[in-house]
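First up is the structure itself, then whatever we jot down about it.
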2 protein chains.
Amino acid sequence: MDSGLLDQTRDKILNAAYGEIHRSGFQAASIANILADTKLTKGALYHYFPAKRVLGLAVIDEVIQAGFEEMVFRPLREAEHPVEELLDILQRKSEYLNETTVKLGCPLNNLMQEMSPLDEEFKERLTRILKTWQTTVQNALVQGQRQRQISADVDCEAAALFIVAAWEGCWGVAKNMQSIKTFRLCMAQLRVYVSGLKTTRKAK
Amino acid sequence: MDSGLLDQTRDKILNAAYGEIHRSGFQAASIANILADTKLTKGALYHYFPAKRVLGLAVIDEVIQAGFEEMVFRPLREAEHPVEELLDILQRKSEYLNETTVKLGCPLNNLMQEMSPLDEEFKERLTRILKTWQTTVQNALVQGQRQRQISADVDCEAAALFIVAAWEGCWGVAKNMQSIKTFRLCMAQLRVYVSGLKTTRKAK
DNA sequence: TCTATTACCTACCAACTGGTATGGATGTGT
DNA sequence: ACACATCCATACCAGTTGGTAGGTAATAGA
């Protein structure tokens, strides 16, 4: 058979699994629900994925990581003025966002919080995405320093880490308050922080 | 019987439940494990708590909220110089912290991420803690403005929200990377942000 | 056309889940 | 001393979980 580019069934399972995991977390994600969504049966699922765990790992690699790559990492890497692009992305992310998105939260963050202490392989793959994220932001800041957009005395590694952390933090509080307004207010402050890196300043 | 101040059995269940929930989350928290920890049986547990859900809510109110009250809210409210106290707390929190603490993450954040979309009552109680947190920080900043420690053009509500969000964000990344060093680096940047509120600055 | 493999379905299972019913032991009020 | 509530243990249950065994239909290769 094909098994090559278009593997509709596998993709359907993958997407349904992503949805279920996003809604309920990995552990509480019910295989029965995934199958109900896809109108498939266990035979199909266990044909493509030998276990629920493997399905979860595939969702991380092929859906979540791919999504970040397209929506955040690539734009940031390819931008000519990465600092502006970073502020742009923060802006865009806080605009395009609906009720359910804010209610369910960031899929990466959700999975990290749930699975990192429980499963080493989950942790590794999720942390890899997080570190790529940090590194990408860090490179943007460094390039910003070269372009005289970011103050020279900024510790880009620490700042990038903090930006990622705060970013996820904004997702978190907005998710709990279930309020888009909260998310926007919070992200606006993050942009204030990033903008603050432009002006020269002293540590304490 | 007593049922008053010292109810050892109930406390034992509550603490064991807190531990289990902290380790595995609420849904995955196994009543069997809690009972194994306490060396009690179901009769005891269901004598004090009519359902697992109620036990979870009790853990939120009587363990988690109480902890925040003692460790964060009260010191912040009672401080004469709340901005210094806030920076102090951020400092203390990043120092006193061991391997397992960073591995398991912030109990409040964990529960919020997991339960807010799933259970309205969980959400309400957790959000209440979060809002108390925000308000407490906000009051500290406002008082700081009165004491001429915080720049007058700071939006204290937004800043407080962001501080809480970033705070939880620091917990989050540190938990996933399972690195105390990461936590400290991240919290240090948060202190930089807070310190930055002292100097006068313009929004964008 | 015969064979082998892929793709998927149906029926089933052991393990575990939260929860309940019952009963015994220990006080407590009268 | 009797009735009664509190505290907790034991045994049990229905429902759900991820996972498996075995079969069928379709397709591919020769």
Side-chain angles (χ1 to χ4, degrees), chain A residues 1-60 62 110-111 114-115 118-122, chain B residues 1-60 62 110-111 114-115 118-122:
Chain A
M1 236 305 200
D2 185 2
S3 175
L5 281 182
L6 92 162
D7 213 332
Q8 272 195 320
T9 305
R10 208 186 103 102
D11 280 0
K12 262 165 72 178
I13 295 173
L14 218 48
N15 285 328
Y18 169 76
E20 251 287 299
I21 292 174
H22 196 190
R23 278 187 297 269
S24 314
F26 174 75
Q27 297 179 92
S30 161
I31 289 190
N33 285 3
I34 296 173
L35 297 175
D37 282 0
T38 57
K39 312 223 183 243
L40 291 168
T41 59
K42 291 203 172 178
L45 196 153
Y46 282 91
H47 173 68
Y48 290 100
F49 305 97
K52 185 189 177 187
R53 225 178 71 93
V54 176
L55 175 58
L57 294 171
V59 166
I60 294 176
E62 300 179 39
N110 293 354
L111 271 179
E114 180 189 3
M115 297 303 296
L118 301 182
D119 189 298
E120 193 62 26
E121 204 166 350
F122 272 77
Chain B
M1 237 301 199
D2 185 3
S3 174
L5 282 181
L6 91 161
D7 212 332
Q8 273 195 321
T9 306
R10 208 186 103 101
D11 280 0
K12 261 166 73 178
I13 295 173
L14 219 48
N15 285 327
Y18 170 76
E20 251 286 299
I21 292 174
H22 197 191
R23 278 187 298 267
S24 313
F26 174 75
Q27 297 180 89
S30 163
I31 290 191
N33 284 6
I34 296 173
L35 296 176
D37 283 0
T38 58
K39 312 224 183 244
L40 291 168
T41 59
K42 292 201 172 179
L45 196 153
Y46 281 91
H47 173 70
Y48 290 100
F49 304 97
K52 185 190 179 187
R53 225 179 72 94
V54 176
L55 174 59
L57 294 171
V59 165
I60 293 176
E62 301 179 37
N110 293 354
L111 271 180
E114 179 190 5
M115 297 304 295
L118 300 182
D119 189 297
E120 193 63 25
E121 203 167 349
F122 271 78

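In what follows, every chain begins at residue 1, and chains take the letters A, B, ... in the order their sequences are listed.
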Residues at least two apart in sequence or cross-chain that pass side chain to side chain donor-acceptor pair (under 3.5 Å) with A:Tyr48, listed by chain then number, are A:Asp7
Name the residue closer to the 5' end of DNA chain D, choosing between A:Arg53 and B:Arg10 according to the nucleotide with the nearest heavy atom. B:Arg10
With sequence neighbours excluded, tell me which residues meet side chain to side chain contact (heavy atoms under 4.5 Å, CB included) with B:Glu121. B:Arg53, B:Leu57, B:Asp119, B:Arg125
Go through residues 15-25 of chain B and report each residue with a non-hydrogen atom lying under 4.0 Å from DNA chain C, sorted by number. none
How long is the straight-line distance from CD1 of B:Ile34 back to CD1 of B:Ile21, given to the nearest 0.5 Å? 6.0 Å
Check whether any side-chain nitrogen or oxygen of B:Thr9 sits under 4.0 Å from OP1 or OP2 of D:dC7, and answer yes or no. no
Atom pair distance, as rounded to whole Å: CG in A:Leu55 and P in D:dT17: 15 Å
Residues which pass side chain to side chain contact (heavy atoms under 4.5 Å, CB included) with A:Ser30, listed by chain and number, not counting sequence neighbours: A:Glu20, A:Ala32, A:Asn33
Give one of base, sugar-phosphate or nothing for B:Ala29, where a contact means two heavy atoms less than 4.0 Å apart. sugar-phosphate
The criterion is side chain to side chain contact (heavy atoms under 4.5 Å, CB included); which residues satisfy it with B:Asn15, sequence neighbours excluded? none
Modelled atom types, side-chain donor and acceptor of A:Glu114 and A:Gln27, under 3.5 Å: yes
Just to be sure I understand the geometry, which residues of residues 30-51 of chain A put a non-hydrogen atom under 4.0 Å away from DNA chain D? A:Ser30, A:Ile31, A:Lys42, A:Tyr46, A:Ala51
Could you tell me the separation between the CD atom of A:Gln27 and the C1' atom of D:dT16, rounded to a whole number of Å? 15 Å
For residues 36-50 of chain A, pull every pair meeting salt bridge (charged side-chain N to carboxylate O under 4.0 Å, His left out), keeping only residues two or more places apart or in separate chains. A:Arg23-A:Asp37
Scan residues 8-36 of chain A for pairs that pass ring-ring contact (aromatic ring centres under 6.0 Å, His included), counting only residues two or more places apart or in two chains. A:Tyr18-A:His22, A:Phe26-A:Phe122
